[in-house]
Enquirer: 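Could you have a look at this structure, given as structure tokens, before my questions?
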Amino acid sequence: MFEVLTDSFKSAINKIRFADDEKSLKKALDTLKRALLKADVHHKVVKDLLKVVEIETKAKGVGQLNFLKALKENLEKILTAPGKQGFVFASTPPTKVLMTGLQGSGKTTTTVKLANYLKLRNKKVLIAACDLQRLAAVEQLKQMCEQNEIDLYFDEEQKEPLKIAKDALKKAKDGLYDVLLVDTAGRLAIDEELMQELKGIKDALEPDEIFYVADSLSGQDAVRSANSFKEKIGITGVILSKYDGDSKGGVALGIAKQVEVPLRFIGTGEKVADLELFVPDRIVNRLMGEGDLETLAEKTAAVIDEKKAKAITKKIKKGEFNFNDFLEQMEQMKKLGSMKSLIGMIPGMSGMANQLKDADLENSEEMKKIKAMISSMTKKEREMPSLLNNTRKRRIAAGAGLSQNEVNRFLKQFKNASKMAKKFSGKKGMQDLQNMLAQAKQGGIPR
Ligand code: GDP
Ligand code: MG
């Protein structure tokens with residue numbers, strides 16, 4: 001999600017890669033300045049950042065390492081605002097979260113994403129449908145919650161959002177929920193009526209968190225409206241939505257500093273899995289092209305069912321990995337988010353993420369064909385890939401609307417993939433993988 005910014009940082013760092021004199025420092029700072037302003041980072045934030053980086057680099061001696069160190073430390077400072085990081089649970093459940101923002105900013109979508117994020121971490125989550133302004137708002141939430149198996153409290157007879165919030169809280173307490181997320185109405189612009197409605201809910205609910213969902217496409221306007229919400233009702237966190245779109249990305253760098261409220265999550269797509277935790281030091285690593293294995297590992301751990309993972313590993317080791325396992329693995333992968341967002345977290349791979357653009361593995365033509373092929377197999381064939389002789393392959397090709405060549409190619413790929421998996425599943429395999437990652441990490445920072 002930070003590919004463009006990462007590229008700018010890399011090219012700035014490269015400016016003092018081979019020559020460590022003040023002239024190259026100036027070049028590096030200039031490159032950075034241009035890139036940050038172009039990415040729509042607020043000019044004052046840029047100015048302040050570059051000034052300290054320059055002073056600190058010079059104090060320690062102009063050179064790439066000192067420059068990098070000063071840049072990283074000060075970027076982290078800019079990204080950090082007083083307050084909590086990530087999602088913090090209240091000491092007595094349910095943790096109550098009020099979701100606020102302008103209309104269309106992505107509140108409802110983000111509420112469901114957050115619920116899904118918490119559900120994957122084994123939390124019991126209830127959403128309260130308190131947007132009664134837009135006709136279809138409750139219906140939208142109902143559908144999204146149903147699709148993602150998330151509990152929703154709504155009352156279509158009720159006209160008072162405040163009453164719904166209170167009833168939802170009662171349900172959350174009685175039902176021993178861990179978290180209550182309250183989706184609220186937005187407006188096109190900030191108006192008194194909306195603020196009064198939110199204040200009422202806030203006073204009655206005493207939320208642990210008030211998140212402001214800001215549309216990153218609106219650039220500096222997002223910062224301004226976040227500031228008004230902070231002033232009028234008080235916010236404890238910002239979530240930037242639509243970071244995947246044409247957003248130049250800079251707003252994510254400036255917002256914590258400009259609003260003095262921590263940025264907690266970033267929305268990177270329309271799907272429920274497209275929500276990224278925003279932790280300043282990890283983000284700095286990503287911006288420097290060093291990847292973020294911590295987040296990757298955490299995501300994987302949240303999504304992957306350990307028991308199932310063990311069972312699969314066992315099968316792989318025995319060479320018994322079959323098509324059902326394959327489909328199941330694909331389902332698991334889906335929960336991790338887009339391929340692009342994952343690749344950006346691998347050290348040294350941010351450039352590749354940029355090239356992938358919108359490559360959506362799940363919906364790719366290739367994957368559709370593979371799924372069609374597997375659907376045309378009998379139960380037995382899915383369990384025992386070795387059964388597939390020519391007659392069976394012909395039948396499957398006809399059933400799936402594929403050519404025999406395609407079927408042969410997919411089967412060969414599958415065979416190779418199982419072989420690779422088998423190779424990496426042993427102790428030595430893990431060692432190889434770790435070595436690979438360590439090497440990638442070394443290559444991450446240009447030296
Ligand atoms: P609300 O009025 O604040 O509740 O906004 P919604 O949640 O209904 O979202 C408005 C539109 O923005 C919908 O079409 C969402 O699919 C879309 N949207 C929300 N978050 C994201 C995001 O992170 N990326 C993209 N591409 N679209 C988003
Ligand atoms: Mg909404």
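Whatever order the structure lists ligands and atoms in, that order sets their numbers, starting from 1.
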Enquirer: Is the closest side-chain heavy-atom distance between Thr80 and Glu76 below 4.5 Å?
Expert: yes
Enquirer: Compare Lys242, Glu276, Lys271 and give the one whose heavy atom is closest to atom 17 (C) of ligand 1.
Expert: Lys242
Enquirer: Which atoms of ligand 1 are found less than 4.0 Å from any heavy atom of Thr268?
Expert: 23 (O)
Enquirer: Looking at Gln140, which atoms of ligand 1 are within less than 4.0 Å of one of its heavy atoms?
Expert: 8 (O)
Enquirer: Below the 3.5 angstrom mark, is there an N/O of Thr108, backbone or side chain, next to an N/O of ligand 1?
Expert: yes
Enquirer: Quick test of your reading of the structure: of Glu270, Lys113, Met99, whose heavy atom lies closest to atom 27 (N) of ligand 1?
Expert: Glu270
Enquirer: Check for me whether Asp274 has a heavy atom closer than 4.0 Å to any atom of ligand 1.
Expert: no
Enquirer: Hey, which of Tyr212, Tyr117, Tyr243 is the one that makes ring pair (Phe, Tyr, Trp, His ring centres under 6.0 Å) with Phe265?
Expert: Tyr117
Enquirer: Judged by non-hydrogen atoms, does Gly101 sit under 4.0 Å from ligand 1?
Expert: no
Enquirer: Would Asp244 count as being in polar contact with ligand 1, using the rule that some N or O on each side must be under 3.5 angstrom apart?
Expert: yes
Enquirer: Checking Lys170 against Tyr153: charged group under 6.0 Å from the ring centre and within 45 degrees of the axis?
Expert: no
Enquirer: My understanding is that we take every heavy atom of each candidate and find the minimum distance to atom 22 (C) of ligand 1. Doing that for Gly269, Ala185, Ser241, which one comes out nearest?
Expert: Gly269
Enquirer: List ligand 1 atoms under 4.0 Å from Thr109, heavy atoms only on the residue side.
Expert: 6 (P), 7 (O), 9 (O), 15 (C), 19 (C)
Enquirer: Say whether Gly186 and ligand 1 are in contact under the criterion: heavy-atom distance to a ligand atom below 4.0 Å.
Expert: no
Enquirer: One pair to check against salt bridge (Lys or Arg N to Asp or Glu O under 4.0 Å): Asp167 and Lys163. What are the steps and the verdict?
Expert: CA-CA 6 Å; Asp167 290 348; Lys163 176 78 168 67; 2.8 Å; yes
Enquirer: Is the number of heavy atoms from other residues, nucleotides or ligands under 6.0 Å of Lys171 NZ greater than 12?
Expert: yes
Enquirer: When rounded to the nearest 0.5 angstrom, what is the spacing between OG1 in Thr110 and CD1 in Ile239?
Expert: 6.0 Å
Enquirer: Any N/O/S atom from Thr108 (main chain or side chain) under 2.8 Å of the Mg ion (ligand 2)?
Expert: yes
Enquirer: Can you tell me how far apart OG1 (Thr236) and CZ (Arg264) are? Round to the nearest 0.5 Å.
Expert: 5.5 Å
Enquirer: For the residue pair Ser241 / Asp215, report whether a side-chain donor-acceptor contact shorter than 3.5 Å exists.
Expert: no
Enquirer: Against heavy atoms of Leu102, which atoms of ligand 1 measure under 4.0 Å?
Expert: 3 (O)
Enquirer: With Lys124 as the cation and Tyr177 as the aromatic partner, state whether NZ or CZ is under 6.0 Å from the six-membered ring centre and within 45° of the axis.
Expert: yes
Enquirer: Using a strict cut-off of 4.0 Å, indicate which atoms of ligand 1 neighbour a heavy atom of Gly267.
Expert: 23 (O)
